[in-house]
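Everything on this sheet refers to the single structure shown next.
Here the structure is a predicted model, which is why all the values come from computation and not from measurement.
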Amino acid sequence: MALLLLVGSVVAAKGVPTVFAHRGCWSKSSSGEFIIPENSVAAVTMAARMGYAGIECDVKKTKDGKLVVLHDNSINRTLRNAADYSKVEGKVRLKDLTFEQVRNNYLLESENPQLRTPIPTLEQILVECKKQGITPMLHSSVPESYKVAQSMFGDNWICFTDRYELLKQVREYSACTILYAVSRGTAEEHIAALRELGGVCGVSTMNHKLYTPQYCKALTDAGYIVQASVFRSPREVVAQRNGVTFQLTDFSIMPSHKPDAKWRSNGRKLVKCGSYRGAESIACGAVVVDIIYSGTIEVAINGRNYTLTRQSMGRDMIGNRFFDLAPEIKISAKEGANIRRATTKLYEY
């Protein structure tokens with residue numbers, strides 16, 4: 001197996017989804033505190049380092065109309081007080097703060113003092129995407145944010161929102177990739193909406209029940225993108241199995257191309273059932289488990305457990321990134337299951 005290298009491209013190898021890092025490639029410690037903050041410049045840099053095609057980011061406006069990158073409407077979950085790094089008490093909404101107030105009085109939460117930076121502007125995130133050669137996916141309902149992306153990237157960015165009228169406005173001046181966020185509906189209804197938008201476009205959803213094999217085939221046969229949005233495995237694996245073409249994810253990393261020569265990799269075949277544990281902690285790594293099996297099996301990657309089921313013999317891949325761990329993989333078969341092949345590959349960045 002090889003690791004998917006998609007930097008600077010939104011085109012995946014056949015049968016492998018193009019993978020985007022949700023809010024960038026962030027990480028948390030065992031205590032729950034951010035190490036690499038989400039929606040940060042550092043999260044963009046790490047996403048490129050780990051081979052993601054691009055990053056999704058969330059755009060908001062301050063009280064005085066400045067564009068910054070933040071997921072929540074409030075700053076409490078991801079920012080701390082700048083004066084003493086204490087938690088922000090009481091709900092503090094971004095829209096009630098001026099740009100100067102939010103930049104001067106608060107810092108991103110991180111165990112690493114060097115990453116306790118002010119909230120990034122949209123331009124800072126886009127500059128880092130351009131520097132790293134990866135594609136920005138703007139999850140935004142702020143029309144001005146799309147104009148900024150267009151001015152910096154031409155048509156080489158992704159517009160992502162559930163506001164259909166806003167997507168139509170974007171299409172008037174941009175040939176960028178458009179993803180229409182949906183939660184319900186039929187393939188026929190969505191194809192009709194995408195046909196009206198025109199150009200390179202597709203749908204994205206967090207509703208795992210929507211993406212059946214029939215739904216994915218209908219859209220991809222019509223030439224449209226199908227994105228699974230932040231599914232947890234095994235639903236993420238099932239979405240891949242059913243034919244999604246884009247995957248927006250918090251933690252997975254999927255294989256396709258050969259690893260870059262500067263990355264050290266090694267493989268270990270696991271026959272039937274087995275386990276592997278690295279001898280030393282890896283500061284920044286990823287693992288891909290490639291399994292051909294039938295029945296129900298359990299896979300544990302660095303303490304994260306997955307139960308996968310196939311009615312007939314077939315292939316699934318599970319990916320996981322990790323930080324400051326000695327990687328550990330365990331595979332076991334439930335009664336009646338048949339594992340024909342199970343191979344794991346580790347990557348150190």
Worksheet item: Please walk me through it: do Glu38 and Arg77 pass side chain to side chain contact (heavy atoms under 4.5 Å, CB included)?
Response: CA-CA 11 Å; Glu38 66 178 47; Arg77 184 177 62 86; 2.6 Å; yes
Discussion item. Would Arg49 and Met46 count as a side chain to side chain contact (heavy atoms under 4.5 Å, CB included) here? Give the steps.
Written reply: CA-CA 5 Å; Arg49 185 175 171 185; Met46 184 58 72; 3.6 Å; yes
Item to complete: Show your reasoning for whether side chain to side chain contact (heavy atoms under 4.5 Å, CB included) applies to Thr117 and Ser40.
Response: CA-CA 9 Å; Thr117 58; Ser40 67; 5.5 Å; no
Worksheet item: Can you list the steps and then say if Met137 with Leu179 is a side chain to side chain contact (heavy atoms under 4.5 Å, CB included)?
Response: CA-CA 9 Å; Met137 178 188 296; Leu179 293 179; 3.9 Å; yes
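A distance-only check finds no donor-acceptor pair linking the side chain of Ser252 to the backbone of Thr249 [under 3.5 Å]. Of the possible donor and acceptor atoms, none in the side chain of Asn39 sits under 3.5 Å from a partner among the backbone N and O of Val69. Using a distance-only test at 3.5 Å, with no hydrogens or angles considered, a donor-acceptor pair links the side chain of Tyr211 to the main chain of Gln227. Remark: side-chain polar atoms of Arg277 are not paired, donor with acceptor, to backbone N or O of Glu328 under 3.5 angstrom. Looking at Lys95, its side chain never comes within 3.5 Å of a backbone N or O of Lys61 through a donor-acceptor pair. When atom types are taken as modelled, the side chain of Thr296 and the backbone of Thr309 share no donor-acceptor pair closer than 3.5 angstrom. The main-chain N or O of Ser174 is found under 3.5 Å from a side-chain atom of Arg171 such that the two form a donor-acceptor pair. Between the side chain of Asp58 and the main chain of Leu70, no donor-acceptor pair closer than 3.5 Å is present. Proximity of a side-chain donor or acceptor of Ser281 to a complementary backbone N or O of Leu325 within less than 3.5 Å is detected. With hydrogens and angles disregarded, a donor-acceptor distance shorter than 3.5 Å links the side chain of Thr205 to the backbone of Val182.
Between atom CG of residue Leu167 and atom SG of residue Cys201 there is a gap of 9.0 Å, rounded to the nearest 0.5 Å. Distance check, rounded to the nearest 0.5 Å: OG1 of Thr344 to CG of Asn320 gives 10.5 Å. With values rounded to the nearest 0.5 angstrom, Ser29 atom OG is found 11.5 Å from Asn112 atom CG. Once rounded to the nearest 0.5 Å, the distance linking OH of Tyr85 with CD of Glu109 reads 4.5 Å. Rounding to the nearest 0.5 angstrom, the gap separating the OH atom in Tyr180 from the OG1 atom in Thr161 is 9.5 Å. Glu56 contributes atom CD, which lies 9.0 Å from atom CG of Leu138 (distance to the nearest 0.5 angstrom).
Phe34 and Val88 fall into different hydrophobic clusters, where Ile, Leu, Val, Met, Phe, Trp and Tyr are joined by side-chain heavy atoms under 4.5 Å apart, directly or via other members. No path of Ile, Leu, Val, Met, Phe, Trp and Tyr side chains, each step under 4.5 Å between heavy atoms, connects Val238 with Ile297, placing them in separate hydrophobic clusters. If you chain together hydrophobic residues whose side chains sit under 4.5 Å apart, Val59 and Val102 never meet in one group. By the rule that hydrophobic residues join a cluster once side-chain heavy atoms approach within less than 4.5 Å of another member, Ile119 and Tyr106 end up as members of one cluster. Criterion: ILVMFWY side-chain heavy atoms under 4.5 Å apart, direct or through other members. Under it, Met50 and Tyr347 are part of a common hydrophobic cluster.
Screening Gln132, Gln124, Lys130 against Glu128 for a side-chain hydrogen bond (donor to acceptor under 3.5 Å, both in side chains) leaves a single residue, Gln132. For the side-chain contact (heavy atoms from CB on, under 4.5 Å) test with Pro120, the passing option among Val44, Val127, Leu126, Ile125 is Ile125; the others fail. Partner of Tyr293 under the side-chain contact (heavy atoms from CB on, under 4.5 Å) criterion, chosen from Leu308, Ile331, Asn338: Leu308. Applying salt bridge (charged side-chain N to carboxylate O under 4.0 Å, His left out) to Asp250 and the options Arg232, Arg23, Arg321 leaves one that passes, Arg232.
A donor-acceptor contact closer than 3.5 angstrom links the side chains of Glu196 and Tyr164. Side-chain contact, Ser86 with Asn81: a donor N or O sits under 3.5 Å from an acceptor N or O. For Glu89 and Asn76, the side-chain atoms include no donor-acceptor pair closer than 3.5 Å. In this model, no donor atom of one side chain and acceptor atom of the other lie less than 3.5 Å apart for Tyr306 and Asp316.
Put simply, the side chain of Asp290 reaches to within 4.5 Å of the side chain of Arg315, judged on heavy atoms. Side-chain atoms of His139 and His71, non-hydrogen and from C-beta on, never get closer than 4.5 Å to each other. Contact check for His22 versus Ile55: no side-chain heavy atoms found under the 4.5 Å cut-off. Contact check for Leu94 versus Thr62: side-chain heavy atoms found under the 4.5 Å cut-off. Looking at heavy atoms from C-beta onward, Pro327 lies in side-chain contact with Leu346 at the 4.5 angstrom threshold. At a threshold of 4.5 Å between non-hydrogen side-chain atoms, the residues Asp155 and Val200 do not count as touching. When side chains are defined from C-beta on, Leu79 counts as touching Leu108, because their heavy atoms get closer than 4.5 Å. Between Val92 and Ser74 the shortest side-chain heavy-atom distance does not fall below 4.5 Å.
Taking each heavy atom of Leu166 and Ser140 in turn, the nearest pair found is CD2-O, 4.1 Å. When all heavy atoms of Asn207 and Ser183 are compared, the closest pair comes out as ND2-O, 3.0 Å. For Phe160 against Ser229, the heavy-atom pair with the smallest separation is CZ-OG, 4.3 Å. Taking all atoms of both residues into account, the shortest heavy-atom contact from Gly54 to Ile134 is CA-CB, 4.0 Å. Closest non-hydrogen pair, Ile36 versus Ala42, comes out as CG2-C, 3.9 Å. Pairing each heavy atom of Pro136 with each of Asn156, the nearest pair is CD-O, 4.1 Å.
Dense packing is recorded around CD of Glu111, with more than 12 heavy atoms of other residues, nucleotides or ligands lying under 6.0 Å away. For CZ of Arg235, the number of neighbouring non-hydrogen atoms (other residues, nucleotides, ligands) closer than 6.0 Å is 12 at most. Annotation: Glu100, atom CD; neighbour count of heavy atoms from other residues, nucleotides and ligands within 6.0 Å does not exceed 12. In the displayed structure, Asn73 atom CG is contacted under 6.0 Å by at most 12 heavy atoms of other residues, nucleotides or ligands.
Between His208 and Phe231, the angle of the ring planes goes over 60°, which puts this pair in the perpendicular group of the 30/60° scheme.
When ring centroids are compared, His190 and Tyr215 come within the 6.0 Å threshold.
At a threshold of 4.0 Å, the pair Asp72-Lys60 does not count as salt-bridged, since none of the basic side-chain nitrogens sits closer than that to a carboxylate oxygen. In summary, Lys147 and Glu144 do not engage in a salt bridge, as defined by a charged side-chain N under 4.0 Å from a carboxylate O.
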